Amino acid sequence: MTEEETACVRNLGPKQIRRRKIIGTTGLILTLLTCYFNRNSSPVYKLLTFFPLLMTGIGFFQANAKVCVVFAANGVQNMDTQKNERIRDDAIKEKLRQVARSIWIKTITLSVVGTFVAYKFL
């Protein structure tokens with residue numbers, strides 16, 4: 001799927017996007033704190049960096065794509081209404097799922113690479 005095809009596909013409104021940015025920022029702060037406190041600890045504890053990195057990636061990548069991976073899996077959207085709305089168009093659902101898969105791939109890649117860097121160099 002090209003960037004143009006995914007540009008118009010989204011399932012988050014501005015308030016939901018802001019929430020994802022807050023989640024990403026919180027994850028980034030936790031990542032930095034985890035790295036700071038584990039810099040001279042056992043290598044096993046350095047592996048804990050994976051989880052806040054996962055939180056960072058999922059928050060920022062969802063905000064950037066304007067797609068929630070859970071909403072995409074369930075075929076719903078929340079464009080800042082009180083409740084989630086079901087998406088009826090199957091083509092849009094499939095595009096959202098493709099974007100969600102790419103978000104997961106980027107998030108897991110970031111988490112694994114970041115954890116490796118923390119493990120080796122801290």
Side-chain angles (χ1 to χ4, degrees):
M1 180 179 299
T2 65
E3 185 112 3
E4 292 175 7
E5 291 174 322
T6 59
C8 62
V9 177
R10 56 186 265 180
N11 64 4
L12 294 175
K15 288 180 185 175
Q16 294 293 322
I17 293 168
R18 196 169 324 124
R19 288 180 66 195
R20 272 46 177 205
K21 287 179 181 178
I22 291 170
I23 290 169
T25 303
T26 304
L28 182 59
I29 291 167
L30 289 174
T31 299
L32 295 173
L33 288 172
T34 302
C35 289
Y36 178 76
F37 288 114
N38 288 329
R39 68 184 184 274
N40 295 323
S41 65
S42 167
V44 175
Y45 289 115
K46 293 177 183 180
L47 295 176
L48 294 174
T49 308
F50 180 84
F51 299 106
L53 278 170
L54 194 68
M55 184 178 174
T56 301
I58 202 72
F60 285 135
F61 291 137
Q62 286 183 112
N64 186 48
K66 298 175 179 66
V67 172
C68 173
V69 295
V70 174
F71 290 173
N74 293 325
V76 297
Q77 65 182 2
N78 188 327
M79 306 306 276
D80 295 336
T81 58
Q82 291 295 333
K83 60 182 184 174
N84 298 341
E85 304 162 357
R86 178 125 337 254
I87 299 172
R88 304 205 190 293
D89 187 346
D90 290 334
I92 292 175
K93 284 183 193 179
E94 183 56 34
K95 286 180 183 178
L96 286 169
R97 287 187 187 112
Q98 288 176 356
V99 173
R101 278 191 291 274
S102 74
I103 290 170
W104 276 117
I105 289 168
K106 289 188 275 188
T107 298
I108 291 171
T109 302
L110 170 75
S111 300
V112 169
V113 170
T115 302
F116 175 76
V117 169
Y119 184 81
K120 285 302 235 184
F121 300 109
L122 291 181

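Just so it is clear, the model here is predicted, and its values are computed rather than measured.
Across T115 and F50, no two heavy atoms sit closer than the pair OG1-CA, 3.0 Å. Of all heavy-atom pairs spanning V9 and K95, the tightest one is CG2-CD, 3.7 Å. Of all heavy-atom pairs spanning N84 and N78, the tightest one is OD1-ND2, 3.1 Å. Across all their heavy atoms, P52 and T34 have their closest contact at CG-OG1, 3.8 Å. Nearest heavy atoms, L96 versus A72: O-CB, 3.7 Å. Contact record, I58 with V69: CD1-CG2, 4.1 Å, taken as the closest heavy-atom pair.
F37 and I29 fall within the same hydrophobic cluster, defined by Ile, Leu, Val, Met, Phe, Trp and Tyr side-chain heavy atoms under 4.5 Å apart, directly or through other members. Placement of V99 and V70 within a single hydrophobic cluster is found when ILVMFWY residues are connected by side-chain heavy-atom separations under 4.5 Å, directly or transitively. No single ILVMFWY cluster, assembled from side-chain heavy atoms under 4.5 Å apart, contains both F116 and L122. The same ILVMFWY cluster, assembled from side-chain heavy atoms under 4.5 Å apart, contains both L110 and W104. Taking hydrophobic clusters as Ile, Leu, Val, Met, Phe, Trp and Tyr residues chained together by side-chain heavy-atom distances below 4.5 Å, I23 does not share a cluster with I108.
Applying the 6.0 Å contact sphere to CZ of R19 captures no more than 12 heavy atoms from other residues, nucleotides or ligands.
Looking only at distances, no side-chain donor or acceptor of N38 sits under 3.5 Å from a matching main-chain atom of K46. Of the possible donor and acceptor atoms, none in the side chain of N64 sits under 3.5 Å from a partner among the backbone N and O of F60. The backbone N or O of I17 sits nowhere less than 3.5 Å from a side-chain atom of R20 that would complete a donor-acceptor pair. The backbone N or O of A63 sits nowhere less than 3.5 Å from a side-chain atom of K21 that would complete a donor-acceptor pair. At distances below 3.5 Å, not a single donor-acceptor pair connects side-chain atoms of R39 with backbone N or O atoms of F121. Looking only at distances, a side-chain donor or acceptor of D80 sits under 3.5 Å from a matching main-chain atom of Q16. A distance-only check finds no donor-acceptor pair linking the side chain of E94 to the backbone of D90 [under 3.5 Å].
Looking at V67 and F61, their side chains never come closer than 4.5 Å, going by heavy atoms from C-beta outward.
Residue R97 holds its CZ atom at 9.0 Å from CG of N74, rounded to the nearest 0.5 Å. Distance OG1/T31 to CG/L53: 4.0 Å, rounded to 0.5 Å. The distance from atom NZ of K66 to atom CD of Q77, rounded to the nearest 0.5 Å, is 14.5 Å.
If you run side-chain contact (heavy atoms from CB on, under 4.5 Å) between L54 and each of T107, T49, V112, only T107 comes through.
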